Amino acid sequence: MCTRFPPEPNGYLHIGHGKSICLNAGIARDYGGKFNLRFDDTNPVKEEEEYVESIVEDVRWLAPEFTAGPLFASDYFEQMYQWAEELIQKGLAYVDDLSAEEIRQYRGTLTEPGKESPYRYRSVAENLDLFRRMRAGEFPDGSRVLRAKIDMSSPNLNLRDPVMYRILHATHHRTGDAWCIYPMYDWAHGLEDSIEGITHSICTLEFEDHRPLYDWYLDQLGIYHPRQIEFARLNLTYTVMSKRWLLRLVQGGYVSGWDDPRMPTLSGLRRRGYTAEAIWDFAERIGVAKANSMVDLGLLEHCIREELNVRAPRALAVLHPLRVVVENYPEDQVEEFEVPNHPQRPELGTRPVPFSRVLYLERDDFMEQPPAKFFRLAPGREVRLMNAYYLTCVGVVKNAAGEIVELRCTYDPTSRGGVTPDGRKVKGTLHWVSAAHAIDAEVRLYDNLFLKENPYDVPEGQDFTVNLNPESLKVLTGCKLEPGLATAAPGDRFQFMRQGYFCVDSKDSRPGALVFNSTVGLKDTWAKIQQQPE
RNA sequence: UGGGGCGUGGCCAAGUGGUAAGGCGACGGACUUUGAAUCCGUUUACCGUAGGUUCGAAUCCUACCGCCCCAGCCA
């Protein structure tokens, strides 16, 4: 078993490529085979070194232990050229002087057969001479091509004498100016697979029509013949995967770059806090088939939640702070509570969290006039501060505009640790942070980039921007975090209790000026209840 | 109106002649110092449609319907 992932280095990898990488690398893993990362770098005008670097990084991140390479199609150019001469010798390829426009016209249409080029029956010697001179750089771009001689009346347009080589006086990111003719995908791909001994050449559905050509080249050459198998590419709700649209998002400044945490790119997901394991899990759950489908984004989110639930240490963080004064708590007293890093995994230990008279609570955890099912804090109501004390609201302080600016509360000294001697129960348990000890941080809350399940569904005459979610990014400043988070390093992941999973941004976070990205929220039953029409 | 594919519950997806796995979601309930997690249960599919073959069909045959891809010197 030998598989490969053959990206063209002309863009960043996204979750759809992730599916392909997991599929191919997974086969190699499961059957003890090989998996090659091979760049299909046959078009110098579109390809750049920047892209190969990002792709190598992404593939190594996803499948480090299975990946061989990087390999490059451009390393096989000489061999490909020799094989092209071989086809010419066999009378199976010819140099065509028709212009691009003429070739298009001669190709016919979906329903009408094509016409043969007047240059189709040149002698082998003339073809060889011309092809060598193409390589030598004697002709300008677009003046001639090498074509396979197959069947101009084939119902499969790919078989109507496909172009094998075009003249391109362009500098290649790896071969420099060594070549001025470059092989076309159909000609090159099977050869690359054959050279590497690929057994299963797995590609997406749109190449199904190309398979007869893939087979034809290999058969005519009589070289090792891998088998091409197609599968449906991934579509995700609320997400775009086309290079064109992704590029628009980046170039239009709708996102901060290819690795913006809202992007479905592997680098974006990584920066968002996704793990390689979660992406593998996702890839395995969605399966592989030939039916076009659209996978629910919720499944991807489920995968990362499930993993982070197990591995992410918990932390207390107040995103929308509301000041709370505990009136009966001594003015200058500070005590520390030992808080478990993970309630379900005691082996992860505890950490000290300071408590004092002035605290911050989440604004959403208080309602002056609570509806029926609200069981958090309200005037006269008692709740538990997680791992600390029971707290009762005794007063509300408002500003001139009538906005709540502070809560006055009392605590039950006998409830230390969050349990009372009388064993009385309380409905709500809230996260909190000591005002005097909290550290400030910026928190970036992300939502889907698009409002529609299918962002490509744009009303007639309108721009794709109508589907953009104006609230896909919310930057919160002045968030209050427990002091232990001060030493969090870029990439570190936490569960902010009762809220969701967050990671320290790998680009913008600095010690003393931390920036957290929301990876995914916790499931929120309360939000669901609130949305129900009463 | 040429060719190549695909159509199984809300979303994915097994199953290729023996009478419809699983996951996600949704909905109930238990438990709970995260309205999370966990646990239990429910969601009981005219297998695109219509015919046919067969003791028996999602699986085989025929016709029809719907959706996707192909006319780059892109990949």
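Reminder, nothing fancy here: chain letters follow the sequence lines and each chain counts from 1. Not measured: the values here are computed from a predicted model.
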*So which nucleotide from B/C69, B/C74, B/A37 ends up closest to the side chain of A/Met184?*
B/C74
*Rounded to whole angstrom, note down the P distance from B/U49 over to B/A57.*
15 Å
*Is the NZ or CZ atom of A/Arg314 positioned over A/Phe496's six-membered ring, under 6.0 angstrom from the centre and within 45° of the axis?*
no
_Please confirm whether the ring centroid of A/Tyr51 lies under 6.0 Å from the ring centroid of A/Tyr12._
yes
*Identify the two heavy atoms, one from A/Val240 and one from A/Pro264, that lie closest to each other, and give their separation to 0.1 Å.*
O-CG, 3.3 Å
_Does the Lys NZ or Arg CZ of A/Arg144 fall within the cation-pi geometry relative to A/Phe139 - under 6.0 Å from the ring centre and within 45° of the axis?_
yes
*Sugar-phosphate only, base, or nothing, as touched by A/Arg144 at under 4.0 Å among non-hydrogen atoms*: nothing
*In whole Å, what separates the P atom of B/G29 from that of B/G23?*
22 Å
*Look at the side chain of A/Val163 and decide which nucleotide, out of B/C12, B/C73, B/G25, has an atom nearest to it.*
B/C73
*Of the nucleotides B/A71, B/C73, B/A13, which one has an atom closest to the side chain of A/Ala289?*
B/A13
*Closest nucleotide among B/A37, B/A13, B/C24 to the A/Asn309 side chain*: B/A37
_A/Arg314 vs B/A36: side-chain N/O to OP1/OP2 distance below 4.0 Å_ = no
*For each nucleotide in nucleotides 1-10 of chain B, reading 5' to 3', give B when a protein heavy atom comes within less than 4.0 Å of its base, S when such contact involves only the sugar-phosphate, and - otherwise.*
-BBSSS----
*Please step through side-chain hydrogen bond (donor to acceptor under 3.5 Å, both in side chains) for the pair A/Tyr106 and A/Glu102, ending with a clear verdict.*
CA-CA 6 Å; A/Tyr106 275 65; A/Glu102 289 167 324; over 6 Å; no
*A/Val145 side-chain proximity, nearest of B/G35, B/C73, B/G23*: B/C73
*Taking atom P in both B/G9 and B/C47, compute the distance separating them and give it to the nearest angstrom.*
10 Å
*Nearest to the side chain of A/Lys523, which nucleotide is it out of B/U34, B/G25, B/G72?*
B/G25
*Spell out, as yes or no, whether a donor-acceptor pair under 3.5 Å connects the side chain of A/Arg376 to the backbone of A/Val383.*
no
*asked:* When the C1' atoms of B/G66 and B/U34 are compared, how many Å lie between them, rounded to an integer?
replied: 48 Å
*Which value, in whole Å, describes the distance between the P atoms of nucleotides B/U8 and B/G2?*
25 Å
*Can you find a donor-acceptor N/O pair under 3.5 angstrom joining the side chain of A/Gln499 to the base of B/U34?*
no
*asked:* Tell me whether the side-chain N/O atoms of A/Arg107 come closer than 4.0 Å to OP1 or OP2 in B/C73.
replied: yes
_For A/Phe131 together with A/Tyr165, are the ring centres under 6.0 Å from each other?_
yes
*Geometric cation-pi criterion, A/Arg174 with A/Phe72: 6.0 Å, 45°*: yes
*Can A/Tyr185 be classed as stacking with the base of B/A75, given a centroid separation cut-off of 5.5 Å and a plane angle cut-off of 30°?*
no
*Rounded distance in Å between the C1' positions of B/G48 and B/U59*: 15 Å
*So, A/Phe450 versus A/Tyr238, ring centres under 6.0 angstrom or not?*
no
*When rounded to the nearest Å, what value does the distance between C1' atoms of B/A58 and B/U53 take?*
16 Å
_Dot-bracket notation for RNA chain B, counting Watson-Crick and G-U pairs under 3.5 Å, with | for partners on another strand_ = .(((((((.[[[..)..(...]]]((((((.......))))))....[[[[[..)....]]]]])))))).....
*Any idea which of B/C73, B/A26, B/A36 is nearest the A/Thr525 side chain?*
B/A36
_Using the P atom as the point on both nucleotides, what is the distance between B/A26 and B/U62, in whole Å?_
43 Å
_I need the single residue from A/Asp40, A/Ile202, A/Leu71 that forms a side chain to side chain contact (heavy atoms under 4.5 Å, CB included) with A/Arg4. Which is it?_
A/Ile202
